[in-house]
Structures are given as C-alpha cells and as structure tokens.
Amino acid sequence: MAGKSGREISAVPEGGLKEKLLTWEGALILIFVAVNILGVIISPVYNATNVLREMPKYLAEAFMVFGMGYILVLGDIDISVGSIVCLSATMACFAGNAGLPFGVVVLVCVLTGLCCGMFNGLIATKFTELPTMIVTLGTQIVFRGIAEVSLGSGGSISMQNTEGLSLIAKKIGPFPISFFVLLIFAIVFITLLSKTTFGRKLYAIGSNQTAAKYAGINVQGSRFFCFSLLGFLSGVSALFLLSTLYGANTTTGNGFEMEVIAMCVFGGIATTGGKGNLIGGFIAAFIIFCLKIALGQRNINTQLILVIIGLMLIVSVVIPGLGSYFGAKKKSTTK
Amino acid sequence: MAEDIILELKGITKIFPGVKALNNVQFQLRRGEVHALMGENGAGKSTFIKVITGVHSAEEGHMYLNGQEVFFKGPLDAQEAGIAAVYQHPTSYPELSVTENIFMGHETVKGGIIQWREMNAKAQELLDSLDADFKATDEVGALSVAQQQMMEIAKALSTNAQIFILDEPTAALTANESEKLYGIVDKLREDGKSVIFISHRFEDMYRLASRVTVFRDSQYIGTYDVDGISNADLIKAMVGREITDMYPKQEIKLGEEMLRVEGMSRVGYFKDVSFDVKAGEIVGLTGLVGAGRTETIESVCGITKPDSGKVYLQGKPITIKNPSDAMEAGIILLPEDRQRQGLILSWGLGRNVTLPIQDVLANKGFNDEKKERELSKKHLEDVDTKAVTIFQPASSLSGGNQQKVVVAKALAQSHMKVVIMDEPTKGIDVGAKKEIYEIMGDLAKKGYGIIMISSEMPEIIGMCDRIFVMCNGRVSGCLDRSEVTQEKILELSMEQSGTKKGGAA
C-alpha cells in the first residue's frame, strides 16, 4: 500500500472542558437558570412547589420533542403531531367510555398515535419526491378531521371513568409521574441519537441522503421508523395530556406541532437536517415551560407569552447563524 | 511589444486565514492568445481566476487591463471590463430558456417591455455562430453539460467579452464534445478574443494553447511556450518532482472469476449488458458519457433496480436488492460524484471513512469511537491523504484528497472482493492520479477484481487488462490489452450504422 510519505494524521479528539461549556447546550443551561431567576423576580408566587404543581400540564408536550428531534435531524418535518394528539386523546376517551379496562385505553391511545405516524411514514417513503411539510400538512387536516367527525356535533368528550387517569396523574414525592417517565425517555432517546450507529445513520441521512444511500444505509426504512416513532410519542403525549384534562375536544393539541418544533430549534437542532442534539431540545423544552409558568403567574396574557417565545426562537436561530456568518467571512473559501 | 498585452497581473498575493492561497504570482495574457493555466489541485489556479473575475480581492498586487491599472470591487466590475468566466459546472437557471439565460441581467428592453422576439433572434444568431445544435427557445435543463457550456460562451459573447476564462471546460465532456469545444475556442481566437483556460488534460493544452503558465503551491513557477516544453518537463514543473511511468501497470497472474454480470437490462438506460472480472484483473468500462456505464454499475450495486439480469460472485448467483447487499457480498463502489455520492462533506474525514462499517465496529449498537478513530487514521494514512487531523471536514480537502478519502472508505471494508471505481481520477491532478493508479495496482495484486469506469482513454489503455466498450446502452465490444488502441475504442464507442438506434429504449 501507499503511504510512502509517512505523513501522520492526528486522531486525538480536540476540545476539553472549556469547549464543552462553550456549546449551545451550555448556553441553554445558563438561559434556564436565568429564566428561573427572572421568574422569581417578576412573580412573588414563583417557587418550586408552584412550578411543580403547574408542570404536568406542560410536560405532556415534551414527549414529542424526542421524535421531532429525530425527524428534524433527518432533514424532514412533521406538522401533524398536534392533530395526532387530538385523535389519540379522542379515541382513548371513546375507549374509556365504552367501559374498556384502563390498560386497553392506554393501548388505544398509544396505538392510534403509532398508526398515524406509520401512515405519515408510509406516504413520506413511498412518494419521496413530496416534501414532508406538505405530506404532514395533508395528514394534519385528515387526522383532526377524523377526530372532529368522531366527536360529532358536541365537539368534545369527557372521560367518564377517571380512575385510571388519576392513577398516572399521581405524584412521587413532589414530582408528577410523567416527569419520571419523561426522564427515562430522555435518557433512552438522547443516548440512542448520540451514541449508537442508529443515531449516526440519522445524521448521515440528514447531512447527505445520497451519500448515505451509497454507504448502504437504509434511508427510507429509517425515515419510516422515525415518523412512526413520533406518532407513538404523540400518543404518549395524548395520554399524559388526558391525565390533566380528563377529556378531549376539537381544539386539543392545537399548535403543539409548532411549539414542539420551536423547542427543537431553540435547542439547536437545524431544520435543514444533520445538526444538533436532543439534550438541547430537552433543556429548551424546560426553558419554555418555566417561562410560560412565570409569565402566566403574572397574568400576562397568552398572546404576549407567544410573542416572547417567538422572539426567543428567532434570537436563538440568529446567534449561531451569526457565528457561522462571521466564520465564513473569515475563512472564505480556503480552496 | 507592450501593446499586445491585454491583461497583466503582477505580484498578486491572496491570503486566507492561515494560508497564503497565492504568493506573489504573475501572469500575462496577449491579445488573441489561448493561454493554459496548469497546476495540481490546490495550487491556487481557482483562487487566481477568482481574483481576475473580481470574486476575491487580492491583498497585494496590481492588475492591468490594456495597460491601465484596474481594481475590481466585484464580479460585475470584471464583467463590464469585458472579462467572462465559464465554469466546469455552468451556473444557469435550468427552468428558463436559453435566451433568458443568455440575456439574464441585460435584457433588451424598450419602454419597459422585454423584447422577446429581438432577444430570441439575437440569441439564435450567437448560437449559430458557435454551430450550436440546440435552439434559443429550448429549456436549459434539457441541455447536456456541453450544450450548457456552449450557452455560457454565447452568454459571454452577448456581453461583448474580450477575455474568456474557461475553468476545466472539458472535464465533463466526451471526446466528441471536447473536439467541438476546441473548434469554438479556435473561433474565438480567430475573432481576436483572448482565452485563459484551466485543465488537467494535457491534450487540451497541446491542442489549443500557445503558452502555458504553471502554478505550484500557491506560487508562480513559470510561463512556457507549448511548443518548447516537453511533457516530462511540464509535469515536473507542476508536481515539483519527476513522474516516471504514469501508468504503473503490474503483471499479475489472473485468478478465478470474481464477478460476472449477465444480460442486465433496465428500460431506458441499458440493455443486455454482460461483463466479468477475474481476481487480480483490472477491467475497464468505457464509452461516451451517457452510454449507460454508470447506470449499469449502479444497478449491479443495488442503487437502482434492474429489470432483468443476473449477477454471479465467484461463480455463485447472488441477489442484490440494495447497496448494503452489495457491500455485504464484497462489491464495493467508489461513486462518480464524490462530493454528492461519496462523501458527507460537512463531516470529519474519520467518520466518512467508517460510515459504511460502523455497524461492524460497534459494540451492541453503540459506536466504538476509539476503534473508529484508529481504523480511519490507519486507512487515511495508507492512501497518503494530505490532512492534518481525521476530524477536519471533508469539504476542507482538495479534489484529489477527497478522492483518497473515498478510497480509504472503500478499503476500510475488509471483506471486499470486487472494487468498482467510477471515474476515479476525474478532476484530480497528475500527482494524485498516479497515486490512485498505484492503489489500483496494489488492490489487483492482492487478488481483488477491479472495474474502472472512465472516459479518459490514456488511463483506460494504460491500466486495464480488458476493456468493455459501451455504446447506447449496450456493450459494443471487448478489447484485450494486447490489441487495444484509441481508434478501436472510439470506433466501438460511436454508433454504427448497423446498430439499431435507441437500442437502450
């Protein structure tokens, strides 16, 4: 073999502790702390007990961050998750009110989500020339439409037997059960994306789908899996949402897709694919929850909260963008 | 003699952070001259062209146009001064017509209304003057690369350019198309225009240029009369060392049959293609661009699905449904378009190398980063990649070195049996080319079967034991090393009157 020049190529990983803290995840932790300090300053009732009491309402949404993170890393997008939550919650209520045992209700809820996700995945992988934004825009309308048709003229349904739901709404110490489930999911999905060959393949597909295919990666299979996973997680979200709402109506889950995408993007995951990680998305979710709780306690109206979150999102996207803008200027093309 | 110099650059230095891309280089272009600019990848040719066209501004140096010192703030200034650049991959608007592309930005307008009829007529006139075989009203996306280049030249003519810069114009062209381009360049010269062109092909230079300027390692090496310099001296100027024996073909005893493809067809692309390769053999697959070579190989490797055909590996029939099937069987493809198909440019070199084998290296699905680092370092060093660390992005390397990363990625797959290289030396310099040939030879010696797809006849003739020529989606003939000549390959590449037209359809 060649290699006659004997040139050595370094294989020593760069970066120490300092570089690790200077990442976007490091910044997010600081922002998280800042938001909590802000909360204490602006609201006299912002304290651990109150935050934990209000948390379950928001935690349900966070489950979707993992699936959405995978989808975004692939370079795809799914804007149907809000509708999936609505449909799953509706179906679960029907199942519960039909007198089925709670175990079956849980299954119905989660499987409805999974089926919706698989349907998204099927269309996205069979008709690869369609942008997934359009595919899931279509299914967004279809899934919510099915829910609305099922709900009929009343437009809402309540779970009559709340025994099972109150079981998962329980707390262990000061923390709601959903918090622990979320933590376990977080560990599993963050590890899966950052440490396994499966995760590396998602990054490869998101960075260069053609090269990934030539490297023997099952591109369409991976995409199908991720859409299905996100559908499943939407079902899980619906379940925990039910445990705080005890019912569903035609507006359940409205706008969830944008909030979840916002959490991912705020967490540093690029919508163009191949960049970012779930740790950021996970922290970002909690930043947004705490901000919502603090501002809500001050009776600041919801619209204004949305304005603030929207601005934060833009800033978060612009700042790393600025870095690469100046970086590119400095380097220019070192060809 | 001073007045016949149309363009002169002196003492140009261009610094990018950490690198001197150009170090005090000079260049002189005479009026009505075709001047070749040659050098290895990364020698600074492209940067130099970008300085002339105003894309980059140099830190130091002077540029004189017709004896007057000029300063270009941007590409527009250069365009207005009569300098036009035509790139290897034309940057056009594929959805628009040829006329629209030619007049983009300088449309003929009367009273605020675009004069389509006048522009179409003018565009057609320009195309006719170039002997173009397409119409001004054609959609650009439907044109071949050669036709698009011709359109770019027409565009340059429409702006009244005096200096034409052609950046690797023949790299994507077939022999026929290149010949046509030569004709156009001759015509430009006869009309008194001046042409600078960059190319890695010596035949381009001999055919067209009267003088050649060589850059090496960001520095000016010299300007020579093409008639007055030997091939060997020119290579020495470019590479900085003597290259003897460009094609290090070794005599290797051929072993058993490794791969045999029988009667493979895919409607619209290729029909009834059969070929085979033995252990230790280098088989060439050539023909004109569009003859169906790449398409055939992509079907063999499971990237596209053939309609019919059988593949035998070491005598046993195998089914390949997707690229990973091919890899598991030991058929490794080095794709033609390394930037799009071969590499993830934003990733580090190491991760690129281990991408296809990460499952093999992994421990229960978890990436073994340490093993990956060691293995990729070894393979990158084996092929002599010019890189500092395995973590630098693939986009930071020159074309030749990117190709070496693609080679390292293939070699890392330890169980390979057949290596298929699609245009392995496209767009890379003489020095790197020879290294690729050496690697190819070493692989053959180790008993792998090698298939090389190439349009470059010298390397096909220099390296291959047997050569399959494709024409119009079919194998039109197989030539043995002992009998092969350029003429015979050309003859088989061209459509014969006896061959049914559209055999691939």
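Below, read A as the first sequence line, B as the second, and so on, with proteins coming before strands; counting in each chain starts at 1.
Taking the side chain as every heavy atom from C-beta outward, A:N208 and B:W347 never approach each other to under 4.5 Å. Contact of the B:T354 side chain with the A:R200 side chain is registered, since non-hydrogen atoms from C-beta on lie closer than 4.5 Å. A heavy-atom distance below 4.5 Å is not found between the side chains of B:P323 and A:Y214.
In terms of heavy-atom pairs under 4.5 angstrom with chain A, the leader among B:K377, B:Q413, B:Q358 is B:Q358. In terms of heavy-atom pairs under 4.5 Å with chain A, the best-connected choice from B:K364, B:E374, B:E298 is B:E298.
With a threshold of 4.5 angstrom between heavy atoms, B:D359 approaches chain A through its backbone and through its side chain. Of the two parts of B:S395, neither the backbone nor the side chain holds a non-hydrogen atom closer than 4.5 Å to a non-hydrogen atom of chain A. For chain A, no part of B:E328 is nearby; none of its heavy atoms comes within less than 4.5 Å. For a residue to count as touching a neighbouring chain, one of its non-hydrogen atoms must lie under 4.5 Å from one of that chain's; by this rule B:I303 touches chain A with backbone and side chain alike. Heavy atoms of A:K275 lying under 4.5 Å from chain B are absent altogether. B:K386 touches chain A through backbone and side chain together, each having a heavy atom under 4.5 Å away. Looking at A:L192, there are no atoms closer than 4.5 Å to chain B (heavy atoms on both sides), in backbone or side chain.
Atom CD in A:Q209 sits 11.0 Å away from atom CD1 in B:I344 (nearest 0.5 Å). For the atom pair OG1 (A:T210) and CG (B:D337), the distance works out to 8.5 Å, reported to the nearest 0.5 Å. Separation of atoms CD1 (A:I217) and CG (B:N322) is listed at 12.0 Å; rounding is to 0.5 Å. We find the CG-OG1 distance between B:N367 and A:T196 to be 6.5 Å, quoted to the nearest 0.5 Å.
Checked for salt-bridge contact, B:E369 and A:K195 miss the test: no charged N lies under 4.0 Å from a carboxylate O.
Summarising the local packing, CZ of A:F119 is surrounded by 12 or fewer heavy atoms from other residues, nucleotides or ligands at distances under 6.0 Å.
Looking at every heavy atom in both residues, B:M327 comes nearest to A:G216 through CE-N, 3.5 Å. Closest heavy-atom contact between B:A387 and A:I9: O-CG1, 3.7 Å.
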